[in-house]
A.B. asks: 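Have a look at the structure that comes next, please.
First listed ligand is number 1; within each ligand, the first listed atom is number 1.
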Amino acid sequence: MMKDCLFCKIAKGDIPANIIHEDEQIVVFDDINPQAQHHKIIIPRKHISTLNDLHEEDKLLAGHMMLTASQLAKKLGIAEEGYRLVVNCNAGAGQTVFHIHFHLLGGRHFSWPPG
Ligand code: AMP
Ligand code: ZN
């Protein structure tokens, strides 16, 4: 738990969010400013600032986050049509909340290359 971290506070329940899934290791909630019909944020309860700060000891956690994204996509009904799983690392890539997270986006067409 990092003081003054928005996503640590959401994980702890100190700030409200529409939580759609949680377990001992991770929490998933609706993005407050959705960029697609489905836009979920997947976070670990453990505070990790960016993808650059992911270590060997976080291997299982990172895998669990990705597998949960895959399972949720199926549950949301977007698995077949396609969806996008995004991690923005640091300001140059658009990261604004410095607690590592996956964006699970679906329900529309996504172009490539991304902006
Ligand atoms: P990023 O720009 O990759 O760091 O993504 C941060 C995401 O968190 C953005 O898509 C924001 O809309 C979202 N966000 C910020 N504050 C909240 C909040 N209180 N509840 C839910 N999502 C949030
Ligand atoms: Zn945090």
Side-chain angles (χ1 to χ4, degrees):
M1 168 77 188
M2 266 266 284
K3 210 163 83 60
D4 301 330
C5 171
L6 176 65
F7 285 176
C8 279
K9 286 178 183 165
I10 286 178
K12 226 180 141 217
D14 288 351
I15 285 181
N18 188 31
I19 293 171
I20 62 147
H21 174 87
E22 63 183 317
D23 62 30
E24 276 182 12
Q25 297 178 80
I26 66 173
V27 181
V28 185
F29 52 91
D30 285 321
D31 195 293
I32 204 167
N33 181 23
Q35 300 303 312
Q37 189 189 337
H38 299 281
H39 188 171
K40 312 296 179 195
I41 298 288
I42 302 169
I43 63 167
R45 291 189 184 278
K46 175 184 178 183
H47 181 87
I48 299 168
S49 298
T50 80
L51 204 52
N52 292 336
D53 305 297
L54 195 67
H55 301 301
E56 186 70 25
E57 69 194 38
D58 304 313
K59 226 156 119 170
L60 284 174
L61 177 60
H64 180 56
M65 288 171 70
M66 187 170 276
L67 187 59
T68 301
S70 162
Q71 291 166 341
L72 278 175
K74 287 175 189 145
K75 223 170 165 178
L76 294 168
I78 56 175
E80 290 310 314
E81 68 191 58
Y83 59 94
R84 195 164 281 178
L85 192 61
V86 174
V87 184
N88 296 323
C89 181
N90 272 344
Q95 186 174 7
T96 58
V97 178
F98 287 82
H99 178 128
I100 200 169
H101 52 281
F102 285 166
H103 295 258
L104 174 61
L105 296 144
R108 67 168 171 87
H109 174 78
F110 297 98
S111 56
W112 193 262

A.B. asks: Using a cut-off of 6.0 Å, state whether more than 12 heavy atoms not belonging to Glu57 lie near its atom CD.
C.D. replies: yes

A.B. asks: Indicate the atoms forming the closest heavy-atom contact of Ala36 with Gly106, along with that distance.
C.D. replies: CB-O, 3.5 Å

A.B. asks: Taking the side chain as everything from C-beta on, heavy atoms only, tell me whether Asp4 gets closer than 4.5 Å to Met2.
C.D. replies: no

A.B. asks: Which heavy atom in His101 sits nearest to a heavy atom in Ile43, and how many Å separate them?
C.D. replies: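 Reported closest heavy-atom pair: CB-CG2, 3.7 Å.
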
A.B. asks: What protein N/O/S atoms are there under 2.8 Å from the Zn ion (ligand 2), waters excluded?
C.D. replies: Cys5 SG, Cys8 SG, His47 ND1, His99 ND1

A.B. asks: Around atom CG of Leu67, are there more than 12 heavy atoms of other residues, nucleotides or ligands at under 6.0 Å?
C.D. replies: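 Result for CG/Leu67: enclosed.
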
A.B. asks: Which ring pair (Phe, Tyr, Trp, His ring centres under 6.0 Å) pairs, counting each pair once, include a residue from residues 38-74, with sequence neighbours left out?
C.D. replies: His39-His103, His47-His99

A.B. asks: Could you go through the side-chain contact (heavy atoms from CB on, under 4.5 Å) check for Phe98 and Leu6 one step at a time?
C.D. replies: CA-CA 9 Å; Phe98 287 82; Leu6 176 65; over 6 Å; no

A.B. asks: Which pair of heavy atoms, one from Gln35 and one from Leu105, lies closest together, and at what distance?
C.D. replies: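 Minimum heavy-atom contact is CB-CD2, 4.0 Å.
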
A.B. asks: Give me the other members of the hydrophobic cluster that Met65 sits in, counting Ile, Leu, Val, Met, Phe, Trp and Tyr linked by side-chain heavy atoms under 4.5 Å, directly or via other members.
C.D. replies: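 In the cluster with Met65 are Ile20, Ile26, Val28, Ile42, Ile48, Leu51, Leu54, Leu61, Met66, Leu72, Leu76, Ile78, Tyr83, Leu85, Val87, Ile100, Phe102, Leu104.
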
A.B. asks: When you look for protein heavy atoms under 4.0 Å from ligand 1, which residues do they belong to?
C.D. replies: Leu6, Phe7, Ile10, Phe29, Asp30, Asp31, Ile32, Asn33, Asn88, Gly94, Gln95, Thr96, Val97, His101, His103

